[in-house]
Amino acid sequence: MPEITKSYEARDVEAKWYAAWQEAKCFAGHAAPGQETYSIVIPPPNVTGILHMGHVLNNTLQDALIRRARLEGKAACWIPGTDHAGIATQTMVEKHLKKNEGKGRRDLGREEFLKRVWTWRDEKGDHILKQLRELGCSCDWDRTHFTMDPGYSKAVLTSFVKLFNSTDEQGRACIYRGKRMVNWCPTSLTALSDEEVEMRPTKGFMYRLRYELVEPSTITDAEGNVTPFTHLILETTRPETIAADVAVAVHPDDVRYTHLVGKKVWRPLGERVQIPIIADEAVDPAFAAGALKVTPAHDKVDFEIGQRHQLPVIDALNADGTMNEFAGPELAGMERFAARKKAAELLEASGNLIEAKAYENNVGYSQRAGVPIEPRLTQQWWLRYPRVEEAKQVVRDGLIQMHPERWSKVYLNWLDNIQDWCISRQLWWGHRIPVWYAKGIDREKLTEADLRDPNKIHVSLEGPADPENWIQEDDVLDTWASSWLWPFATLGWPDAEAQAKANFSQFYPTTTLATGADIIFFWVARMIMAGLEFAKPGAPVEERIPFKHVYFNGIVRDKQGRKMSKTLGNSPDPLDLIQKYGADGLRFGLLQMAPLGQDVKFDEDRIESGKNFSNKLWNACRFRQMNGAMSDNSSLGAILARLDASQLDDDDHALLTALLDTMKTVERGFTDFEFAGATQRLYSFFWNDFCDWYVEVAKARVQDPAVKDHALAVQDLVIRQFLLLFEPFAPFITEELWSLLGYAAPGKPFVQDARIESPADLIAALNARGIQLDAHASGRVETLKQFVTLARQLKTEQNVGQKRDVKFLALGADAAWSALSAALAKLTRLVGAAEISRAAAELALPAIVTPFGTLFLDTGVKVDAVAERVRLTKELDTVGKHIAGTEARLANVTFTSKAPAAVLDGARKQLAELQAKRDEVARLLASLG
RNA sequence: GGACCCUUAGCUCAGUUGGUUAGAGCAUUUCCUUGACAUGGAAGAGGUCACUGGUUCGAGUCCAGUAGGGUCCA
């Protein structure tokens, strides 16, 4: 048996065991027929991403879940992988190209550019998966997937083709192409979905403008006064688009303007043209002066107004956010924000700018590029979501449970207001849409009927048989239109052979999805719809859902509650933390501060405490090893066989009771996703119940040959069960100790080869050895602990806290003394005294009142009566207050008549104890003279 | 504007269905390197549980409102 070193060196241990696990294929997900399964798909990080604290929390949780499942004997499978992350990766490579070669993607051409992206991916990708290994993640690496792999790509294209040929719940084609207003990112040069747009309050100006009436009018008020009416007043934040105005709209019921409807105003910028005044319900008469400039090309509401009134569309912006010739000669070619300034200057010069006031409003930003998006009219592919109603129902019915439950509401609310999904992206890195257009047709003018005409449009995986007559769509699919297939595409779908090989039928639906709530719409909701639609056609709904539980972990924030970000530099590098505190320390510390569904305020001290706990565990095991040779630890049965039921004392009973309680807490932690509670109980059990008390108490027993084997067997038992409970959270140190203390059975070298006992299993195993746990032992041990604390307190107060040769004298009734003397040996040791003997009468010595009567401390020095009197008086005062409170409670008739008996008894008992204590303290005071 | 969450010790957080004197880690005070562990041990100090009202014999816990902080959706 190798000797355990003085302190725990995490890094050596971690590297060794991870290699061993991989070598032994410990993480392989195989399901035997009929075996209960537990499967998780990883939220695939961006292929070029690096590990941050959010990943650490998310993946530690998944690893804990999957490791626990293994210990419970389930066929566990955790599928890893990465996401091609269309925009993010393409942008990254483009930047790199620009910097190193001074070229853009168009200089290289599509084919060459994609080659470069693949090279980049091969060189720099998957780094994050290696980092997850450092953390101890037990993914089945042989199942690593990438959303652009051939098999996965086939799944993506298959899903598109299937959707193209199917209808939504209202019988409409799921996929259509249409020229509609989209969120356009002028930096990435692509359309975005609504979810990729982030509203941010943005400071700017509200420009108050005059639009001259072509035929000035007059207003006649109630008194018959007539005033000239020469212009309309409008407000806009975007004067640079004025040249694209095609009308001014007012509310049809707005009496201020009804007489003007049908008349015209001069457009104040660009070519001097007249535009009509129209009436539309969409105008808010209360906003500004109640008139709205209508610019159909650059605003969604305006576009809809334009449609209703058959207005032309003038697009004054280029794709990259610069103005084009329709913006007028002064603005053409300018960048949009410069043009805004310039437009204001021009308006001011022409006298049409009344004022520009500072204004803050919500502006949509491209989440990825961080620039304001432009509403832009373009041809895109759209998806009408399938299975929307079913997706709501599975959550309402609890087939899919969200934790914390409140996220269900957010989810349902989104589905209630669901909008069609713009799935095409004007990118190259991604899955190219499997649509071919017949040569010679005008793509801009395809009707819904044309889309379904196989002579004009070809949609398939393989492409047309006569490719020379067709041109493939340039656009690729939104990244999320590939990752929404993740739970089943990683299990081989749609290839039957691959599915069989991957144990699709056993691992789907997966058990738990652990992710952040920030992607509940992007990913979670869409996966549910995709799963219902594709995974097991025709199967009952409970077999089609992609997962049964969704656990939303919090966001890791810094101490001030800010999100961790590169720019703020407030995000510690997880690998540094692993270096400093060990992977186990990081995992354990982080989980301790991660209560269900709350954001985590990161505190490095907590991680340090995780490391310290590792060391504590290490040393407790080291001490066990030093106390006696290891006997057969290879199974629970073997250890139990070494227990002597007749030797079990109160401490054994109390410890085993606490162990059972810990087992229950941890079990509940896993079913309810209450990991913080589980880790905290593990901590307090091991440190307080086991080390602080039991190991100390057992020091005496271990010296006694008659009970030594038994006492060590209890320790071996508790350490074994603890390691099993702790392994999911701290796999490295537990593995090392499992091995060092001989818990591994022959041919079963790893912790995961063992089966964790449930609390009921352990009770049954104890019963089978003739052991019934004594429910009252814990209370008696608690009393002894109190006695020890009080005795130590007395020593500290008398400035002999560290001396071990002091003498105590206890004055109490026969019953108290007999209880005390039964535990005398260990108490003497624990309080640090030469002896504790019985006093015959009150003594003129410093004293403290304990549950076993009054305890006097003989330091050999004359007692300081004045100091004692002060101390005892204070004590008497405190006790008196508690007595008064309890008496008042008991004197209340409504309390005594309504409170349950147990509470009443407790109060009465407490009062009696307090009164006895008061009397004793009073006697002591009196004896001081 | 709608929905949700949070407010407990100096800091970060626990506190299960209402029930003795509200807990932990870190920080802090005093003492201790005694044979597991100084990454440690012992003893202590530190809290009107944001505020107001209600329900109840009893509220950190349940209800309503107020204030402050945060998130999501419009």
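Per chain, numbering begins at 1; letters A, B, ... match sequence-line order. No hydrogens, no waters, no symmetry mates; every other heavy atom, side chains included, goes into these values.
Closest contact between the side chain of A:Y683 and the listed nucleotides B:rG41, B:rG25, B:rA36 involves B:rG25. The side chain of A:F521 has B:rC73 as its nearest neighbour among B:rC73, B:rU34, B:rA43. Closest to the side chain of A:V410, from the set B:rC57, B:rA42, B:rC72, is B:rC72. Taking every side-chain heavy atom of A:T789 into account, B:rG44 is the closest of B:rG25, B:rC57, B:rG44. Taking the side chain of A:A899 as heavy atoms from C-beta on, and the options B:rA43, B:rC5, B:rG19, the nearest nucleotide is B:rG19. The nucleotide whose nearest atom lies closest to any side-chain atom of A:D605 is, among B:rG19, B:rC26, B:rC72, B:rC26. Taking every side-chain heavy atom of A:D603 into account, B:rG25 is the closest of B:rC57, B:rC26, B:rG25. Counting only heavy atoms from C-beta on, A:Q680 has its side chain closest to B:rC13 among B:rG19, B:rC13, B:rU34.
Side chain of A:D672 to main chain of A:E674: no donor-acceptor pair is present (N/O by atom type, distance under 3.5 Å, no hydrogens or angles). Although no hydrogens or angles enter the test, the distance criterion places a donor-acceptor pair under 3.5 Å between the side chain of A:S614 and the main chain of A:G610. At distances below 3.5 Å, at least one donor-acceptor pair connects side-chain atoms of A:N619 with backbone N or O atoms of A:N615.
Aromatic pair A:F686/A:F726: ring centres not closer than 6.0 Å. When ring centroids are compared, A:Y683 and A:F613 come within the 6.0 Å threshold. The six-membered or imidazole ring of A:F521 lies away from that of A:Y411, with a centre-to-centre distance of 6.0 Å or more.
One N or O donor and one acceptor, one from the side chain of A:E696 and one from the base of B:rA36, sit under 3.5 Å apart.
One finds no salt bridge joining A:R701 and A:D651 here, because no Lys/Arg side-chain nitrogen approaches an Asp/Glu carboxylate oxygen to under 4.0 Å.
Under 4.0 angstrom from either OP1 or OP2 of B:rA36 there lies at least one side-chain N or O belonging to A:K699. In terms of phosphate contacts, A:Q793 brings a side-chain nitrogen or oxygen within less than 4.0 Å of OP1 or OP2 of B:rG44. Between B:rG58 and A:K898, no contact under 4.0 Å exists linking OP1 or OP2 to a side-chain N or O. The phosphate of B:rU12 has neither OP1 nor OP2 within less than 4.0 Å of any side-chain N or O from A:R606. Checking the phosphate oxygens (OP1, OP2) of B:rG41, a side-chain nitrogen or oxygen of A:W687 falls inside 4.0 Å.
Comparing B:rG15 with B:rA22, their C1' atoms sit 8 Å apart, to the nearest whole Å. For the C1' atom pair drawn from B:rG35 and B:rG19, the interatomic distance equals 46 Å after rounding to whole Å. Atom name C1', nucleotides B:rG65 and B:rC72: the rounded distance is 24 Å, in whole Å. Only the C1' atoms considered, B:rA14 is 7 Å distant from B:rA24, to the nearest whole Å. Separation of the P atoms belonging to B:rG41 and B:rU20 is 29 Å when rounded to the nearest angstrom. Here the separation of B:rG58 from B:rG18, taken at their P atoms, is 15 Å to the nearest Å. Comparing the C1' positions of B:rA27 and B:rU12 gives an interatomic distance of 11 Å, to the nearest angstrom. B:rC63 sits 7 Å from B:rU55 when the C1' atoms are compared, rounded to a whole Å.
RNA chain B is contacted by both A:P900 and A:D194; A:P900 maps to the nucleotide lying nearer its 5′ end (nearest heavy atom per residue). Each of A:A907 and A:T796 has a nearest nucleotide on RNA chain B; the 5'-most of these lies closest to A:A907.
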Sequence neighbours excluded and cut-off under 3.5 Å, please list the side-chain donor-acceptor pairs for residues 784-797 of chain A, or say none.
residue, atom, partner, partner atom, Å
A:T789, OG1, A:K785, O, 3.0
A:R792, NE, A:L830, O, 3.2
A:R792, NH2, A:L830, O, 3.1
A:K795, NZ, A:K803, O, 2.6
A:K795, NZ, A:V831, O, 2.9
A:K795, NZ, A:G832, O, 2.6
A:T796, OG1, A:R792, O, 2.9
A:E797, OE1, A:R871, NH1, 3.2

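With hydrogens and angles left out, the side-chain atoms of A:T515 and A:Y551 include no donor and acceptor closer than 3.5 Å. Judged purely by distance below 3.5 Å, without hydrogens or angles, the side chains of A:T886 and A:R889 never pair a donor atom with an acceptor atom. A:E736 and A:Y8 form no side-chain donor-acceptor contact under 3.5 Å, judged by distance and modelled atom types alone.
Rounded to whole angstrom, the span from the CZ atom of A:R622 across to the P atom of B:rA36 amounts to 9 Å. Atoms CG (A:N417) and P (B:rA3) sit 14 Å apart, rounded to a whole Å. Atom CG of A:L911 is separated from atom C1' of B:rU21 by 14 Å (rounded to the nearest Å). Between the OH atom of A:Y694 and the P atom of B:rG41 there is a distance of 19 Å, rounded to whole Å. Between A:W414 atom CH2 and B:rG2 atom C1' the separation is 19 Å, expressed in whole Å. Protein atom CZ of A:F588 is 12 Å distant from nucleotide atom P of B:rG25, rounded to whole Å. For A:F690 and B:rC37, the CZ to C1' distance is 13 Å, given to the nearest whole Å. With rounding to whole Å, A:K601 atom NZ is found 13 Å from B:rG69 atom P.
Nucleic acid contact for A:C621: none, since no nucleic acid atom lies under 4.0 Å from a heavy atom of the residue. Residue contacts shown for A:R668 include a base, since a base heavy atom lies under 4.0 Å away. Contacts of A:N627 with the nucleic acid, taken as non-hydrogen atoms under 4.0 Å apart, are absent. Residue contacts for A:K795: at a heavy-atom cut-off of 4.0 Å it reaches no nucleic acid atom on any strand shown. Using a 4.0 Å heavy-atom distance criterion, A:K909 is classed as making no nucleic acid contact.
Base-pairing analysis of RNA chain B finds the following stems of at least three consecutive Watson-Crick or G-U pairs, with both pairing distances under 3.5 Å: B:1-7 with B:67-73, B:10-13 with B:23-26, B:28-32 with B:40-44, B:50-54 with B:62-66.
Using a 4.0 Å cut-off on heavy atoms, the residues of residues 608-620 of chain A that approach RNA chain B are A:S609, A:K611, A:N612, A:N615, A:K616, A:N619, A:A620, listed by number.
Cation-pi geometry between A:R526 and A:W421 is met: under 6.0 angstrom from the ring centre, within 45 degrees of the axis. Geometrically, A:R200 engages A:Y365 in a cation-pi contact defined by less than 6.0 Å to the ring centre and at most 45° from the axis.
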